[in-house]
Each structure stands twice: as structure tokens, then as C-alpha cells.
Amino acid sequence: MRKTTMVMNREILGALWLTAVLCLTSASATPRHIVFIVADDLGWNDVGFHNPTMFTPNIDKLAYKGVILNSSYVQPVCTPSRNSWMTGIYPFKLGMQRGVIIPGTNECSPLDLEFFPQKLQKLGYSTHIIGKWHLGSCSWNCTPMYRGFDSFYGYYEGKEDYYTKVIGPGIDFHENKKNLNDTTYSAYLYADRGKMIINNHNKSKPLFLYIPFQSVHSPIQVPKRFEDMYPNIKTQQRRQYCGMVSAVDEAIGNITTALTDNGMMDDTLIIFTTDNGGMPTESGNNYPLRGGKTTIFEGGTRAISFVVGAGVEKSGYTYNGLMHAVDWHPTIVAAAGGTIPDYTNEIDGINQWEAISTGSESNRKELVYNLDSSQQRGSQGHAAIRVGDFKLIQGYPGPFSDWYKPDQIYSDIDDELNENDYYARLATEDKMKQREEWIKEGYKHDRKWAGDGLYNLKNDPTEHEDVSESYPDVVNQLKAKLDEYWKSYVEPKTYAIDPRSDPRKFGGFWTPGWC
């Protein structure tokens with residue numbers, strides 16, 4: 001459980017929040033629209049402004065026009081990152097640091113925590129989510145419309161077929177509380193939904209649009225016209241993956257066009273981030289960063305991210321100040337015109353709005369990549385912290401520790417170690433054999449991770465040189481800081497499948513309300 005003092009202070013802090021809402025400045029009387037876009041499993045090397053062989057003109061235009069956040073960090077996998085920006089709290093303090101919420105489990109993000117969209121609703125925003133939730137759905141109280149959103153269009157779980165919307169034994173596609181059955185490619189559906197919301201929006205109210213795309217998470221599926229944009233790539237999986245990136249880029253372009261056509265673009269702040277690094281086995285590429293999704297190396301945790309639009313006073317440059325996923329909670333509320341009470345004892349997020357909108361110094365000096373008591377292969381890293389330029393890794397960093405290039409070939413199989421138990425039950429014997437080969441490939445470059453690894457990320461952002469022997473004092477200082485964070489540690493949740501969830505009991509759909 002979290003610290004007792006945190007729980008005791010919640011009612012007081014809630015009262016402070018309500019008071020703060022009533023004390024908004026006149027400048028925030030007409031707050032800006034905010035569009036928060038998430039690309040799932042997008043690699044560091046998989047956008048045009050990092051890699052000119054990628055065709056992402058809409059993303060690139062927004063990034064170059066705005067502020068590219070060069071040191072913005074997320075968690076190694078999906079659910080922990082999404083929980084971080086919704087709650088503003090490090091996952092290891094909530095028991096959500098290991099793995100993801102898988103279909104059929106009776107867990108969700110703690111219901112006693114207020115998500116930032118709930119704060120936006122109090123500020124008068126119309127709030128909508130399009131795409132992936134992945135924060136729990138066994139109870140309706142876990143789902144988007146009970147956690148700060150006026151409407152929901154998308155899916156509850158972590159992955160599914162892009163066309164059929166099937167995952168395991170059920171379909172996972174919904175509009176508000178209604179089940180949907182539509183086999184249109186999901187990037188098309190989500191772009192159309194975004195345009196519809198924008199076209200029908202009551203412009204007397206500010207709009208918050210959260211678009212966590214399904215793309216480019218596995219399975220690797222894309223209409224052929226996007227794959228054909230990359231004729232020079234030899235491997236089909238990488239060619240299709242790049243096509244998926246271009247498909248989501250087109251969707252983003254359609255949404256920004258709708259904002260322009262409705263006279264809203266100049267009053268809109270757009271935020272873009274990934275939820276973790278690209279997965280090497282699914283052709284996601286983070287080169288020249290080390291590692292990938294599921295690791296606490298930079299390739300798994302350093303996110304492609306930028307902000308652009310209304311309220312950004314200094315733009316057209318790269319910002320190197322530190323940010324973490326937990327910072328989006330207070331930062332977005334501040335950008336919406338809300339006053340943030342002193343949540344020092346309540347959340348880990350830091351309000352970075354002034355820093356990233358004006359180019360001033362970041363308010364964050366350190367961040368925790370992850371804390372996990374397990375040092376077994378398959379977890380998302382034992383422990384790591386960054387303070388200033390130095391990063392300390394303790395114990396096992398995760399399964400992918402090499403520097404992977406785009407043309408490397410891997411098995412076309414399921415992509416998340418933390419989902420092994422669930423998907424193994426659904427897999428064929430051949431699929432399970434493929435998974436065994438994939439795991440061997442991921443571990444091939446591992447070495448014995450028993451001690452501490454120290455990296456100077458300013459001089460060595462690709463983590464080639466362990467400098468722990470040269471800086472023993474720095475190692476000890478960072479270990480002491482980690483020891484303080486361990487005092488707030490909560491054992492990870494176990495995501496056991498509950499037979500009550502079986503979609504066959506609900507007309508073939510994954511449906512909330514059974515727990």
C-alpha cells in the first residue's frame with residue numbers, strides 16, 4: 001500500500017484542488033484546446049526527424065514547428081507509462097511496474113486516484129478518448145467514461161487485430177458502453193472519429209482529445225499502399241512496420257486538417273509521445289540507442305516526444321531538459337489553465353509547462369526508470385535512476401541489451417514478455433516454439449548483470465561505456481537515492497486470468513462489469 005500519509009492527505013488536497021479551480025486567472029478564462037497523441041511502441045529511429053528514410057511528413061512538420069523533447073522518458077512497457085501520465089505517480093509506488101494488464105484480469109489503475117482528465121472536466125473541458133485504454137476494464141468504474149472522459153471509442157486491452165479487433169477469444173472494440181463490430185483498419189477509424197469529434201465540437205468549450213493510437217504495436221498489419229512506400233527495404237516485416245508508421249502519420253495529418261478547417265488549430269496545443277521504445281522482434285527500431293521495449297536502457301525508455309501550438313512561446317528547437325511520463329499529469333493541467341496545488345506528498349509529477357513552453361530550465365533533476373524486486377529474465381528491469389547526466393542501472397536491465405539496426409531480422413511473433421502466460425495459452429505449438437527462439441535471440445547478447453552499471457548520458461547517450469569504476473562516489477550517491485525510493489516500493493500486482501471474464505459469456509466481446 002502507499003504511504004498512510006498520502007491517503008490521509010487526499011481529502012485535503014482534493015479541497016485545495018477545488019479551491020484552485022475557482023481561482024483561475026483571467027488569462028485562462030478561455031483555455032486552449034489540447035490534443036494528446038500517443039504512438040504505441042514507436043522506435044526512436046522510426047520517425048523522419050530522426051531518420052530521413054522514414055516517411056512521416058505530418059509528424060515531422062509538427063515536430064519542427066514546435067519543441068522536440070529530446071530527454072522525455074517513459075516506462076519500458078505500455079500500462080506503466082499510461083498509468084504514469086494519468087496519475088502522475090511512479091508505477092513502483094502502485095504495484096504497476098511489472099508487466100501490463102492482460103485481458104481477463106480483475107485489476108485496474110487504483111480507483112482512489114484522480115486522473116488528469118477528471119481535473120480537465122472540472123475546468124470545463126469536453127474530454128474524449130480514441131484508441132487504446134490498457135488501464136483495466138473488469139469493472140465499469142475502471143473504464144474511461146468513469147475516469148474523466150465524456151466519450152470513448154476504441155479498445156480496453158493491450159493489443160488486437162487491426163481489422164477484426166479480435167484478441168484471444170473475443171472482440172475488443174467499443175463506443176462508450178456499446179460493443180462494435182467493424183473490420184475497417186483501425187488507423188482509418190480513429191482518424192475519422194477524431195474528425196467527427198472536432199467537426200461537432202461546441203467551440204464555446206475547450207476540447208481535450210486523447211488519441212492513444214493502436215499503431216504501431218504488433219500484430220504487424222497495414223494496407224499495402226503504405227507498405228509500398230518503402231520499396232528499398234528488403235525485409236517484409238520491416239517494410240510493413242514502416243508502412244504502419246506512415247499510416248498513423250496520415251491519420252495525424254487528417255486530424256490536424258480537421259482542426260484547421262474548423263478554425264481551431266491556432267488555439268490548440270498538440271502533445272505527441274510514445275509509450276515506450278520500439279520492439280526489436282517486431283521491427284521497431286531505436287538505433288543508435290541501446291536496447292528496446294521491455295528494457296531500462298535508453299532504447300526502451302527514451303521517448304520520441306514534442307509539443308507544438310497554442311501557448312508554446314519559444315519553438316522551432318530541441319529541448320534537452322529532463323521530463324518523465326509522470327510530469328504530463330500536472331503539466332497538461334497547467335497548460336489548460338489550472339493552478340496546481342502542492343502535491344509534493346501526493347504525486348511524483350512535476351509541472352513542466354513553463355519550462356517546455358518558454359525554453360527555460362527543466363524543473364526535473366532526477367528520474368526513476370523502474371524499480372522491481374524481481375531480477376529474473378522477463379521483467380522490465382530491476383532498478384535504474386538518472387540524476388543529472390549520470391544513470392545508474394542496478395541488476396538485470398531487461399532482455400534486449402544490444403544496439404539493433406533496422407535491417408536485422410527477427411521472428412514474427414507476439415511481442416511482450418509480460419504477456420507470455422496469457423498468450424501461451426492461446427498459442428499453437430508452433431507459435432510457442434517461435435517464442436522460445438525469440439527469447440533466445442533477445443538474451444543472446446546478455447551478460448551477467450549482478451553489479452552496478454553507470455553511464456554518463458551527456459557524453460555517452462548510447463550507453464556503450466560503463467564508467468562505474470571511474471566514478472565510485474557517483475555510484476554511491478545514486479545508490480543512496482535509489483535506497484530512498486525503495487522505501488516507497490509496492491510489490492507488483494499479479495495479473496491472473498479470471499474465468500468470469502470469458503468473452504463467450506458476453507456475446508463474443510470483452511466486456512466490463514464482471515468484477
Side-chain angles (χ1 to χ4, degrees), residues 14 16-38 62 65-67 85-88 114-131 144-154 176 190-191 193-213 252 254-273 305-313 315 327-341 349 351-358:
L16 286 172
W17 165 252
L18 290 173
T19 302
V21 170
L22 298 175
C23 297
L24 299 178
T25 65
S26 59
S28 63
T30 55
R32 60 185 59 89
H33 309 300
I34 300 174
V35 178
F36 186 27
I37 300 172
V38 178
L62 292 171
K65 185 179 178 181
V67 181
W85 57 63
M86 285 293 166
T87 66
E114 187 174 49
F115 285 7
F116 78 79
Q118 293 172 288
K119 291 181 168 63
L120 297 185
Q121 286 181 322
K122 294 175 183 177
L123 290 168
Y125 273 77
S126 295
T127 58
H128 306 272
I129 172 175
I130 304 170
M145 295 186 68
Y146 292 81
R147 309 217 68 172
F149 291 97
D150 299 330
S151 75
F152 168 57
Y153 184 83
N176 300 329
Y190 297 153
R193 178 71 172 195
K195 291 191 300 185
M196 184 200 78
I197 289 174
I198 292 166
N199 291 340
N200 295 332
H201 178 64
N202 179 354
K203 296 179 179 60
S204 66
K205 297 186 67 176
L207 170 68
F208 175 65
L209 188 54
Y210 175 44
I211 316 177
F213 280 101
I252 291 170
N254 290 336
I255 290 167
T256 55
T257 296
L259 289 168
T260 300
D261 291 345
N262 282 273
M264 298 168 63
M265 191 65 172
D266 291 342
D267 300 317
T268 298
L269 171 69
I270 296 175
I271 300 166
F272 180 94
T273 185
S305 186
F306 60 80
V307 296
V308 60
V312 179
E313 299 175 20
S315 58
D327 296 339
W328 286 122
H329 176 121
T331 299
I332 291 175
V333 173
T339 302
I340 306 297
N351 177 9
Q352 300 271 37
W353 175 235
E354 181 178 359
I356 62 176
S357 63
T358 65

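Computed from a predicted structure; not experimentally measured.
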Exercise. Is the shortest heavy-atom distance from the side chain of Thr268 to the side chain of Leu209 under 4.5 Å?
Worked result: no
Exercise. Does Tyr153 have any ring pair (Phe, Tyr, Trp, His ring centres under 6.0 Å) partners at least two apart in sequence or in another chain, and if so, which?
Worked result: Phe173
Exercise. Are any non-hydrogen side-chain atoms of Pro117 and Phe36 less than 4.5 angstrom apart?
Worked result: no
For this session: Please name all residues satisfying side-chain contact (heavy atoms from CB on, under 4.5 Å) with Asp266, sequence neighbours left out, ordered by chain then number.
Result: none
Problem set entry | Centroid separation His33 to His201 less than 6.0 Å | yes
Problem set entry | Atom of His128, atom of Ser151 and distance for their closest heavy-atom approach | ND1-OG, 2.6 Å
For this session: Give me the one residue out of Val307, Val312, Ile211, Thr256 that meets side-chain contact (heavy atoms from CB on, under 4.5 Å) with Ile270.
Result: Thr256
Seminar exercise, completed: The residue among Ile129, Leu123, Ile34 that forms side-chain contact (heavy atoms from CB on, under 4.5 Å) with Phe208 is Ile34
Problem set entry | Nearest heavy atoms of Gly154 and Tyr190, plus distance in Å | CA-OH, 4.0 Å
Exercise. Where is the tightest heavy-atom contact between Gly349 and Pro330, given as atom of each residue plus distance?
Worked result: C-CG, 3.6 Å
For this session: Return yes if some donor-acceptor pair links the side-chain N/O of Thr127 with the main-chain N/O of Gln121 below 3.5 Å, else return no.
Result: no
Exercise. For Glu114 and His329, which heavy atoms make the closest approach, and how far apart are they?
Worked result: O-CE1, 3.4 Å
For this session: Would you name the heavy atoms of Asp150 and Tyr125 that are closest together and state the gap between them?
Result: OD2-O, 4.0 Å
Exercise. How many angstroms lie between atom CG of Leu259 and atom CG of Leu207, to the nearest 0.5 angstrom?
Worked result: 7.5 Å
Exercise. Does Gln352 offer a backbone N or O that forms a donor-acceptor pair with the side chain of Thr331 under 3.5 Å?
Worked result: yes
Problem set entry | Contact summary for Arg32 and Leu269, nearest pair of heavy atoms | CD-CB, 3.9 Å
Exercise. Just wondering, more than 12 heavy atoms not from Lys203 lying within 6.0 Å of its NZ?
Worked result: yes
For this session: List the steps, then state whether side chain to side chain contact (heavy atoms under 4.5 Å, CB included) holds for Ile252 with Leu62.
Result: CA-CA 10 Å; Ile252 291 170; Leu62 292 171; 4.0 Å; yes
Seminar exercise, completed: In this structure, CZ of Arg193 is separated from CZ of Phe152 (nearest 0.5 Å) by 10.0 Å
Problem set entry | With Tyr210 via side-chain hydrogen bond (donor to acceptor under 3.5 Å, both in side chains) - residues at least two apart | Trp85
For this session: First locate atom CD1 of Ile37, then atom OG1 of Thr273, and finally report the distance between them rounded to the nearest 0.5 Å.
Result: 11.0 Å
Exercise. Atom CZ of Phe213 and atom CZ of Phe272: how far apart are they, to the nearest 0.5 Å?
Worked result: 9.0 Å
For this session: Quick one: pull up CD1 in Ile356 and CG in Asp327 and give me the separation to the nearest 0.5 Å.
Result: 9.0 Å
Exercise. CG of Asp261 to CD1 of Ile198: how many Å apart, nearest 0.5 Å?
Worked result: 9.5 Å
